[in-house]
Amino acid sequence: MVQEYQSPVRVYKHPFELIMAAYVRRFPKSHLIPVFVDSEILSETESKDGSTLVTERRCVIDIEAPRLLKRIAGVDYLYFSQKNTLNRRDRTLRIEVRNETFSNRVVVHECCNYTVHPENEDWTCFEQTASLDIKSFFGFESTAEKIAMKQYASSIKKGKEMIEYYLRELEEEGVTYIPRWSPPVVSGTAAARLQLLPRCTGRAIPVDSAKTGLDIKEPAGPTDLVAGSPDDKLDADYIRRYLGDLTPLQESCLIRLRQWLQETHKGKIPKDQHVLRFLRARDFNMDKAREFLCQSLTWRKQHKVDFLLDTWERPQLILDYYTGGWHHHDKDGRPLYILRLGQMDTKGLVRALGMEALLRQVLSINEEGLRRCEENTRVFGRPISCWTCLVDLEGLNMRHLWRPGVKALLRIIEVVEANYPETLGRLLILRAPRVFPVLWTLVSPLIDENTRKKFLVYAGNDYQDPGGLVDYIDKEVIPDFLGGDSMGDIPEGGTVPKSLYRTAEELESEENRLLTDSIYKSASIFKGAPYEMLIEITEASSVITWDFDVSKGDVIFNIYHSKRAPQPPKKDTLGAHGLTSPGAVNAQLIDRSWVLGQDYSMVEKALTCREGESIQGSHVTRWPGFYILQWRFHSSPACSASSLPRVDDVLASLQVSSHKCKIMYYTEVLGSHDFRGSMTSLESSHSGFSQLSAATTSSSQSHASSTVSR
């Protein structure tokens, strides 16, 4: 498996020429990097006008590895080749490094770039990428990979410190300005053109050169989707200011996942804070975090959660009887939410409101919590990504264990765990009664292990002792009903009048609406059993629009036209015997006897859609008739490389789940008189999990053309 690394953009508040003067002082070796034993120049080539200088070096590295591993490998040092391309005219330096030692077993490729800051020509940007592919290493592949990644993370930090050290050294020597390169009037050696000026003719170097001084844009909203492009990059100061101290490898995971979102979801991508939460929830495993995040983004889009705070009005019942509210912050600056669960009539709220309203209430609390985290980040000047929740259980009894209420609680916990990871910093449970272990046994299996570690439970008045509430919350913020000085405005609740209860039929008709009902529909695609949707068009030049997300697997999307109406699918013979086939799940509209080009025709070029992508597009119909939208399973080439099936392939084919894709889709037909855009097919575009863009791009091809924008 190839390990990849991508650094944030590091900005030095110094001109490019001064950074280059500091950089060359690290050669042939530097005491700041002990593992860098030595280096020698193999060749040096300069252009005729002196604008470009290419230097090739051979570097010797002493890797900190166990002596036994070095003996087995038969080496004491590792050798790397380095190629530096300095372009004085464009003010860029490109550094490429590859390993020479064990090149047939291990492939190391590193690329670094020094460039001029796009917004300030007197600043310099540094960016670094690297990859490590260990094919074989004497049976110690895992150990070698860990050593290499540890060594690499350490060298990244050392590289930054080294530039700052030599900048200060230059300042002590009186070198604070180096003129930019210009075409020479008379010929001269490369050394003469690079000679440093000893006198000061410009500004002095700030002592704290690590500070970039960039105008960092503050985030706008908690999980709002923001416009992003592959050229939109993160800088190190922004990460430290708004996201916290991350290790180099954690920074790399964030940047690479963010780049993947930009490439596959053109248009809008989630905020960096939101992406980071999902990475933390999966211990910075890129693949797991990506799948986790995409599922949540699909859910947010499906239920329009991004607009919840602006569109949902709390019912009066919640305002009167829901015993919870935001209350200042804890000692760490985290927003504080207090819930008097023991005083809440959970049965009355469920009977009077139903699960949908309660779920929306909980989601709005989480959305508000995300917003407050960003506000506190700005107020306290440090990253705050989670909140503290205080739950007072005084009054909790068996009434709270009413089965439908517990069921509603479990569903709410399930939704919150799936879509708001790493948002709870600490949960303080106070005055837990004897019935609490029963409730905890019911809900704890649904709570993530990392989240459970943040729970602190106090029985009786133990929260008033040392190590209790005052260790986490200032006394002037603690509510008066818990012995503090704050006169909080947390509702006291009460019993919901039975006259406000809704009938069982009303509750059943609305139950779980937020979880299931939507303008979007879900479908599963199986190998050999595509999902097909029929649209009848009575007027030519009508517009078929689509918007779908691929939440699992890869699919191929096609649109067909037929003048004949598809016949109802035949009864599945396996189903008559109690067996279910994939074909029984998805009714096939295109009859197996139909011939492509005679009975039906393809009106759009097949579109391959990868897992996690969101596709929007439309087709302007040329003829009336029946149009069939088809999503079918896409097999990777590796699966069909051999003509003879292996035993593993045969066994895998028997497992339907291994050949299953999932999509969430929405389609609409617009009449020609209602369509305001160009009367040509629109491009199918891969974009973010957002609604159809109002600005559409028309194709210059025929009515039956639809191209892919990647």
Side-chain angles (χ1 to χ4, degrees), residues 1-2 260-261 263-265 285-288 290-295 298 521-534 546-560 566 569 572 574 579-597 599-617 619 627-665 667 684-687 689 706-710:
M1 180 179 180
V2 179
W260 181 83
L261 289 169
E263 293 168 0
T264 58
H265 305 125
N285 182 302
M286 272 279 295
D287 294 334
K288 292 181 179 179
R290 180 171 54 194
E291 180 182 2
F292 190 18
L293 175 59
C294 287
Q295 290 174 352
T298 301
K521 298 181 180 180
S522 299
S524 297
I525 300 102
F526 301 88
K527 190 171 185 179
Y531 181 82
E532 296 173 347
M533 177 183 177
L534 179 65
W546 57 84
D547 179 7
F548 64 92
D549 300 332
V550 185
S551 57
K552 179 181 180 182
D554 299 339
V555 300
I556 297 177
F557 177 63
N558 280 306
I559 303 179
Y560 300 98
D572 184 22
L574 291 176
L579 301 175
T580 302
S581 65
V585 178
N586 295 335
Q588 304 301 291
L589 301 175
I590 299 178
D591 195 278
R592 295 182 182 276
S593 62
W594 283 12
V595 178
L596 182 64
D599 302 292
Y600 69 109
S601 60
M602 182 184 299
V603 297
E604 287 280 350
K605 182 180 178 181
L607 184 65
T608 301
C609 311
R610 304 295 180 183
E611 180 176 329
E613 289 185 342
S614 183
I615 314 298
Q616 298 91 29
H619 174 78
Y627 287 79
I628 300 173
L629 275 61
Q630 182 193 77
W631 293 267
R632 56 189 172 90
F633 183 93
H634 176 57
S635 300
S636 60
C639 296
S640 56
S642 175
S643 59
L644 296 177
R646 300 177 302 166
V647 175
D648 293 343
D649 296 333
V650 175
L651 294 176
S653 66
L654 298 177
Q655 301 176 0
V656 175
S657 60
S658 65
H659 296 294
K660 178 180 179 181
C661 302
K662 289 184 179 180
I663 61 169
M664 184 184 74
Y665 70 93
T667 63
S684 292
S685 62
H686 296 231
S687 71
F689 289 102
S706 182
T707 59
V708 182
S709 173
R710 292 191 180 274

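Below, each value reflects all heavy atoms present in this structure, side chains not excepted, and no hydrogens, waters or symmetry copies. When a residue number appears, it is its place in the shown sequence, counting from 1.
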(request) Identify the heavy atoms of P566 and L589 that sit nearest to each other, and give their distance. (result) CB-O, 3.3 Å
(request) Might you work through the side-chain contact (heavy atoms from CB on, under 4.5 Å) test for Q295 and T298, ending with a clear yes or no? (result) CA-CA 5 Å; Q295 290 174 352; T298 301; 5.8 Å; no
(request) Drop me the distance from F548's CZ to Y531's OH, to the nearest 0.5 angstrom. (result) 12.5 Å
(message) Working to the nearest 0.5 angstrom, can you tell me the gap between I628 CD1 and M533 CE?
(response) 12.0 Å
(request) Using atom types as modelled and distance alone, determine if a side-chain donor or acceptor of Q588 lies under 3.5 Å from a backbone N or O of A529. (result) no
(request) Return the set of residues passing side chain to side chain donor-acceptor pair (under 3.5 Å) with Y600 (not counting sequence neighbours), or none when no residue passes. (result) none
(request) Determine the minimum heavy-atom distance between L596 and S601, stating which atoms define it. (result) CD1-CA, 4.1 Å
(message) If I take atom CG from residue L629 and atom CZ from residue F557, how far apart are they, to the nearest 0.5 angstrom?
(response) 4.0 Å
(message) Nearest 0.5 angstrom please: M286 CE to L293 CG, how far?
(response) 10.5 Å
(message) Could you work out, with side chain to side chain donor-acceptor pair (under 3.5 Å) as the rule, every residue matching Y627, not counting sequence neighbours?
(response) none
(message) Can you list everything that forms a side chain to side chain donor-acceptor pair (under 3.5 Å) with D599? Sequence neighbours excluded, please.
(response) R564
(message) Going by the rule side-chain contact (heavy atoms from CB on, under 4.5 Å), which residues pair with D554 if we only count those two or more places apart in sequence or in a different chain?
(response) R610, E611, H634
(request) Identify, with sequence neighbours excluded, every residue that meets salt bridge (Lys or Arg N to Asp or Glu O under 4.0 Å) alongside R632. (result) none
(request) Give a yes or no answer on whether the side chain of E604 reaches the backbone of H619 with a donor-acceptor pair at less than 3.5 Å. (result) no
(request) May I ask you to test the C661-K552 pair for a side-chain heavy-atom distance under 4.5 Å? (result) no
(request) Could you tell me the separation between the NZ atom of K660 and the OG atom of S524, rounded to the nearest 0.5 Å? (result) 4.0 Å
